[in-house]
Amino acid sequence: MYQAIVLLPLLGAILAGMIALAGARARFPGAEPSDDHHAPHADHAAHAHPAGGHDDHHGPVEPPAAGSRAAEVITTSLLMIAAVLSWIALWRVGFGHHDERIRLFTWIISADLKLDWSLRIDTLTAVMLVVVNTVSALVHLYSVGYMAEDPYRPRFFAYLSLFTFAMLALVTADNLAQMFFGWEGVGLASYLLIGFWYHKPEANAAAIKAFVVNRVGDFGFALGIFAVFLMTKSIDFDTIFAQAPGLAGKTIDFFGWHADALTLICLLLFMGAMGKSAQFLLHTWLPDAMEGPTPVSALIHAATMVTAGVFMVARLSPLFELAPNALAFVTLVGATTAFFAATVGLVQNDIKRIVAYSTCSQLGYMFVAMGVGAYSVGMFHLFTHAFFKALLFLGSGSVIMAMHHEQDIRNMGGLKNKIPFTYWCMVIGTLALTGFPLTAGYFSKDAIIEAAYAGKNPFAIYAFVMTVIAAGMTAFYSWRLIYKTFHGAPHDRHHYEAAHESPPVILIPLGVLAIGSLGAGFAFKEFFAGHHIAEFFRESLKQGDIIDAMHHVPLAVVWLPTAMMALGWGVAAYIYLLHPEIAPRIAKQHDALYRFLLNKWYFDELYDLIFVRPALWFGRVFWKGGDGYVIDGFGPDGVSARVLDVTRNVVRLQTGYLYHYAFAMLIGAAALITWFMFSGSGAH
């Protein structure tokens, strides 16, 4: 069963990929077309060409309908099967206590390094299997409707399934090398999906940015793996965890600095998590990744890939628990990210970017829980967040389709009656995100805030303050999105009149995710943040005493997040529902702050100044000066130039005049006679 869960998406990716290649060869022998007819102008570019139609300038753009339908049906069906099996696995492992290690084959044998490719099936893995496959299956189904008019659907579905397989390889890993394989696999699939509309310059730039920024984090992750092997002679999880207590007090010579081994290892590993999970300083790629199709945003950048860092810290909790300074740093970064992303989300106008910054902020919450030692609570928020954030992204996609690919909420308004089902799904997702009582987010996010208050590390109180403030801002910008999109007078009458509800293939995933957003918190709270944590997670997570401390925090702390949620909601309703003329006036009065937040604290500009421009300058110097002037100048270009100079001068001797040649012969004869005379006298 577990092998099927992991391999079914891979099978779907291979079959869809073969269909995509066959379609490309049928239309254009050799490869897919590289002309720019497919360049999208908005999120859902493919609607520029009618399904099955022809482009006036470039010929046919639609692959055979049967092939596209086959790719959709195959990949979606296999993911549905994998999702059902994942829920069975959660029941069997989490509640039936049947942990397993399934060895598939010997993978690496090199000196002291001996690795098998094995599936590590415990409760932590089972939770991730449910999250990944459930969301992926619903996104596949949603994409059948959303990408209906895109001419390259088989390629899209192949990428989706490939991503799902890579994520499953990551969460079932039994050693760090296997985890790194999945880690890089989701990075590759993310690059392919963000840049799916590769004729669009913004999509290409966003894909490259995501890839490069993640390489920065992955460099630290790789160094962490090397350090683990240096200290334990193994990267197998069971061996590492067994030897971890013995590493206490040991140091690693790091460029002359004798660093505490466990602290350095955990910080390097967390650097990988900062990149993959878009934490403060390595966060800049996530909002730009919204250039990909909306289903990509929902799958990769809301529910699964960005939570890989959180999962990694949870998996390695036996190591992190022994490195309190590293945990303090995790808490600091998580709390700062939660606050930073929430401030930026206050003023964004692109519907998908608002949800993207919300994702960034919620990931900060998860790392706060990890940092204070409440690993199961962090996983609880990961679990519930997958439902309501995927719901918000897919709901945003439904709005974008209704508005003919318009993404600016300032051009929307009044859609509540035009697309009622989408509206109520978005409201449910917003209630869950903001922590409205009894929704999924209420149980998981409030538990994190309580854990931060009860935490003992140096940054716990800082994290508590930042997450409480972020809770208020989250409610404000979430309801701002709802009010500007669905309430008030329509700002674009033409698109408003043409707006209509999405087809059932899009609405069914929204309905399922809405149910999860309402009920997942209450149904699982005792297993993630209550009295059944120890028997549910057992050895898959490190269990501390933070959970008991959470249950004894003051009542004021318990209700503070709800109060902040109500305050943020109330302010948003006052400004955007009752008095919409206030918002522009506030922005004008605080223009400097507004622009600071609108430009995302100027991080992109700062990185451009510090890293990009110097790199371009160095590249230009080495290109023009080093390669052009020195290497080419004194190498092939210089040699060829000297040869030309010599031949050009030799050519001048060939004048064609007889008396010139006679004179040259006379001079030559005189020179020869002179040489013989002197050489002869020298011999005597």
Side-chain angles (χ1 to χ4, degrees), residues 127 130-131 134-135 138-139 142 297-298 301-304 306-307 310 338 341-342 345 351-352 354-366 369 377-399 421-450 467-468 470-483 485-486 507 509-525 528-529 559 561-569 572-573:
V127 169
V130 164
V131 168
T134 302
V135 173
L138 293 172
V139 167
Y142 178 95
S297 306
H301 306 112
T304 52
V306 289
T307 61
V310 181
I351 188 170
K352 287 172 63 179
I354 296 171
V355 184
Y357 277 106
S358 165
T359 298
C360 205
S361 182
Q362 297 306 305
L363 289 165
Y365 275 89
M366 297 176 207
V377 175
M379 289 303 299
F380 189 23
H381 197 48
L382 186 159
F383 181 75
T384 59
H385 175 263
F387 290 100
F388 56 75
K389 191 52 61 68
L391 174 61
L392 287 171
F393 263 118
L394 296 184
S396 298
S398 182
V399 172
F421 190 88
T422 299
Y423 167 69
W424 284 110
C425 285
M426 290 287 284
V427 166
I428 289 170
T430 299
L431 289 171
L433 170 63
T434 58
F436 189 80
L438 302 182
T439 60
Y442 169 75
F443 293 102
S444 59
K445 189 164 79 170
D446 288 17
I448 291 175
I449 294 174
E450 292 167 20
T467 50
V468 167
M473 291 191 289
T474 300
F476 176 83
Y477 67 68
S478 298
W479 287 106
R480 170 179 176 262
L481 185 155
I482 293 293
Y483 292 140
T485 303
F486 295 100
L507 299 183
L510 294 183
V512 174
L513 290 169
I515 293 170
S517 301
L518 288 173
F522 183 79
F524 287 91
K525 64 184 178 67
F528 284 91
W559 286 105
T562 304
M564 290 299 291
M565 179 271 299
L567 177 63
W569 189 354

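Residue numbers run from 1 in the order of the sequence given. Computed from a prediction, not measured in an experiment: that's the story for all the values here.
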Would you give the length of the straight line joining atom [atom1] of [X] to atom [atom2] of [Y], rounded to the nearest 0.5 angstrom?
X	Y	atom1	atom2	result
F524	F380	CZ	CZ	9.0 Å
W569	Y483	CH2	OH	6.0 Å
L138	L394	CG	CG	8.0 Å
L518	L431	CG	CG	8.0 Å
Y142	L507	OH	CG	9.0 Å
I428	L392	CD1	CG	10.5 Å

Compare every heavy atom of [Y] with every heavy atom of [X], then report the nearest pair and how far apart it is.
X	Y	result
W479	A572	CB-CB, 3.9 Å
A475	T434	CA-CG2, 3.5 Å
M565	G435	CE-O, 4.0 Å
T430	S478	CG2-CB, 3.6 Å
S361	A470	OG-CB, 4.5 Å
A514	C425	CB-SG, 4.4 Å

Is any side-chain heavy atom of [X] less than 4.5 Å from a side-chain heavy atom of [Y]?
X	Y	result
E450	P561	no
V127	F528	yes
I351	F393	no
Y477	L481	no

Answer yes or no: is there a donor N or O on one side and an acceptor on the other, between the side chain of [X] and the main chain of [Y], under 3.5 Å?
X	Y	result
K445	H381	no
S358	I354	no
T307	T304	yes
T134	V131	no

Full working for side chain to side chain contact (heavy atoms under 4.5 Å, CB included) between Y442 and T562 = CA-CA 8 Å; Y442 169 75; T562 304; 3.7 Å; yes

Show your working on side chain to side chain contact (heavy atoms under 4.5 Å, CB included) between F383 and S444 and close with a plain yes or no.
-> CA-CA 9 Å; F383 181 75; S444 59; over 6 Å; no

Given H385 and T359, is the side chain to side chain contact (heavy atoms under 4.5 Å, CB included) satisfied, shown in steps?
-> CA-CA 9 Å; H385 175 263; T359 298; 4.2 Å; yes

Check ring-ring contact (aromatic ring centres under 6.0 Å, His included) between F476 and all other residues, then give those that pass, not counting sequence neighbours.
->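 With sequence neighbours excluded, F476 shows a ring-ring contact (aromatic ring centres under 6.0 Å, His included) to Y576, given in chain and number order.
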
What's the verdict on side chain to side chain contact (heavy atoms under 4.5 Å, CB included) for F443 and L438, showing C-alpha distance, side-chain angles and the deciding distance?
-> CA-CA 7 Å; F443 293 102; L438 302 182; 3.9 Å; yes

